[in-house]
Amino acid sequence: MSSRTENSGKHTPRLVVVISGRGRNLEAIIQAIEAGELAAEIALVISNRADAPGMQIARLAGLNCVCIEAGGFKHREDFDRALAARIAAARPDWVVLAGFMRILSQAFVERFEAKLINIHPSLLPRYKGLNTHERALSNGDARHGASVHFVTPDLDDGPTIRQGSIAVAADDTPETLAERVMTEVEQRLYPAVLAELVAGRVFFKDGVVWRDQRLQEDCPHDQYDRLAVT
Ligand code: GRF
């Protein structure tokens with residue numbers, strides 16, 4: 001599919017979405033595009049697992065999709081190089097990690113610097129890594145949520161673009177909390193951040209996030225740090 005519409009000749013931002021699992025964030029991005037809330041197209045979906053349910057979501061939506069499994073490569077760097085080559089061939093404006101469960105090498109991250117973003121199910125910098133919902137519950141956190149951030153070589157450590165949170169309920173289990181963070185935060189947050197990125201409102205330059213012509217850290221906190229969720 002061409003990234004230029006027939007009538008306007010205007011470039012439609014191209015997303016490459018990289019997944020490993022269920023693909024609920026991918027699904028939300030697809031729906032936002034279909035609803036006209038996100039002016040972008042998904043040029044390619046890549047999974048590192050052939051059996052990822054998200055691949056079925058991509059196929060049903062008629063998207064180009066490809067699977068690159070790490071088992072076919074001797075070294076991690078070889079897999080990352082193959083992944084990077086396939087992504088680059090799709091000419092992405094944004095590389096969207098959506099539940100991609102592998103740590104990427106520094107060379108990969110640097111190749112897509114400032115266009116590589118990830119969603120993490122915690123209010124970073126709290127709970128980098130796995131089991132975020134369990135950890136939020138066992139610490140007795142009153143609120144928990146998700147963060148979208150630019151990816152830098154350190155795991156879950158790149159600058160945050162935007163966060164969304166919900167109140168933790170007294171009877172939440174890791175499962176119910178994970179489900180509510182996914183449906184009430186992640187599936188709203190990721191398309192909303194992508195819409196800001198493709199509109200050029202937010203970008204990463206000189207190691208910092210810029211928002212609406214200002215350093216994000218100088219913007220009023222509530223402009224970017226909360227979705228309208230309670
Ligand atoms: C999400 O919780 C995301 O934050 C994390 O992995 C999970 C992916 O879920 N990085 P899905 O594949 O989008 O359903």
Side-chain angles (χ1 to χ4, degrees), residues 3 11-21 25-26 29 40-49 52 54 64-122 124-130 132 146-163 186 189-190 193-211 213-217 224:
S3 66
H11 177 66
T12 301
R14 295 168 66 82
L15 314 180
V16 169
V17 184
V18 189
I19 65 168
S20 298
N25 279 295
L26 167 67
I29 294 166
E41 66 174 295
I42 297 175
L44 180 66
V45 176
I46 306 185
S47 172
N48 67 321
R49 296 184 49 149
N64 293 326
C65 42
V66 63
C67 175
I68 306 177
E69 292 198 297
F73 298 87
K74 195 162 173 208
H75 301 292
R76 175 184 151 201
E77 289 75 15
D78 297 334
F79 169 80
D80 279 12
R81 260 194 296 277
L83 180 66
R86 192 65 191 79
I87 291 172
R91 294 176 288 109
D93 295 291
W94 300 100
V95 181
V96 181
L97 304 180
F100 183 60
M101 298 305 287
R102 286 181 63 88
I103 295 174
L104 292 161
S105 59
Q106 181 159 351
F108 180 98
V109 171
E110 284 172 356
R111 180 164 181 179
F112 297 105
E113 192 193 2
K115 61 165 74 172
L116 180 62
I117 59 171
N118 182 44
I119 188 161
H120 182 73
S122 79
L124 291 172
R126 292 173 85 78
Y127 315 131
K128 296 173 184 176
L130 298 174
T132 58
S147 308
V148 177
H149 64 95
F150 286 105
V151 177
T152 56
D154 294 322
L155 180 67
D156 300 328
D157 200 39
T160 294
I161 303 170
R162 194 161 159 182
Q163 297 181 314
E186 296 194 49
L189 182 68
Y190 221 176
V193 170
L194 283 164
E196 293 182 327
L197 291 169
V198 302
R201 285 187 54 197
V202 177
F203 55 89
F204 183 46
K205 191 164 179 262
D206 303 328
V208 285
V209 177
W210 296 81
R211 169 178 289 277
Q213 281 91 47
R214 288 198 283 173
L215 282 174
Q216 171 150 298
E217 63 189 35
Y224 64 87

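This structure is a prediction, so every number in the text was calculated from the model and none was measured.
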- Working for side-chain contact (heavy atoms from CB on, under 4.5 Å), residues Met101 and Leu130: CA-CA 10 Å; Met101 298 305 287; Leu130 298 174; 3.9 Å; yes

- Task: Apply the test side-chain contact (heavy atoms from CB on, under 4.5 Å) to residues Leu97 and Leu104: give CA-CA distance (whole Å), side-chain angles for both, the deciding distance (0.1 Å), then the verdict.
- Result: CA-CA 11 Å; Leu97 304 180; Leu104 292 161; 3.8 Å; yes

- Task: Evaluate side-chain contact (heavy atoms from CB on, under 4.5 Å) for Ile117 paired with Phe204, printing each intermediate quantity in order.
- Result: CA-CA 10 Å; Ile117 59 171; Phe204 183 46; over 6 Å; no

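Among all heavy-atom pairs drawn from Glu69 and Cys67, the shortest one is CG-SG, 3.4 Å. Here the closest heavy-atom approach between residue Val16 and residue Pro92 is recorded as CG2-CB, 3.6 Å. Nearest heavy atom pair, residue Thr152 against residue Pro159, reads CG2-CD, 3.9 Å. Residues Val202 and Leu197 share a closest heavy-atom pair of O-CD2, 3.4 Å. Looking at every heavy atom in both residues, Gly129 comes nearest to Asp156 through N-OD2, 2.8 Å. What you find for Ala98 and Ile19 is that their closest heavy atoms are O-CG2, 3.5 Å.
A donor-acceptor pair is defined here as one N or O able to donate and one able to accept, closer than 3.5 Å; such a pair exists between the side chain of Thr132 and the backbone of Pro121. Distance alone, capped at 3.5 Å, places no donor-acceptor pair between the Ser147 side chain and the Gln163 backbone. Between the side chain of Gln216 and the backbone N or O of Ile161, at least one donor-acceptor pair lies under 3.5 Å. With Asp80 contributing its side chain and Ser105 its backbone, the two residues share a donor-acceptor pair below 3.5 Å.
For the residue pair Asn48 and Ser20, a side-chain donor N or O sits within less than 3.5 Å of a side-chain acceptor on the partner.
Atom SG in Cys65 sits 8.0 Å away from atom CG in Leu44 (nearest 0.5 Å). Atom CD of Glu41 and atom OG1 of Thr12 lie 5.5 Å apart (nearest 0.5 Å). Here NE2 of His149 is found 8.5 Å from CG of Asp157. Values are rounded to the nearest 0.5 Å. Going from atom CG of Leu124 over to atom CG of Asn118 covers 8.5 Å, rounded to the nearest 0.5 Å. The CD atom of Glu113 sits 13.0 Å away from the CZ atom of Phe108 when rounded to the nearest 0.5 Å. Rounding to the nearest 0.5 Å gives a distance of 7.5 Å between CD1 of Ile87 and CD1 of Ile68.
Counting heavy atoms of neighbouring residues, nucleotides and ligands inside a 6.0 Å radius, atom CD1 of Ile103 does not exceed 12 of them.
With a 4.5 Å cut-off on side-chain heavy atoms, Ile119 and Val193 do not count as touching. Annotation: side chain of Leu83 is in contact with side chain of Phe100 (closest heavy-atom distance under 4.5 Å).
With sequence neighbours excluded, the residues forming a side-chain contact (heavy atoms from CB on, under 4.5 Å) with Asp93 are His11, Pro13, Arg14, listed by chain and number. Partners of Gln106 according to the side-chain hydrogen bond (donor to acceptor under 3.5 Å, both in side chains) rule, which considers only residues two or more places apart in sequence or in another chain, are Glu110. Evaluation of the side-chain hydrogen bond (donor to acceptor under 3.5 Å, both in side chains) rule for Arg111 yields no partner, not counting sequence neighbours.
Between Phe150 and Trp94, the two ring planes are tilted [angle within 30° to 60°].
Geometrically, Arg102 engages Phe79 in a cation-pi contact defined by less than 6.0 Å to the ring centre and at most 45° from the axis.
Partner of Asp78 under the side-chain hydrogen bond (donor to acceptor under 3.5 Å, both in side chains) criterion, chosen from Arg81, His75, Arg76: Arg81.
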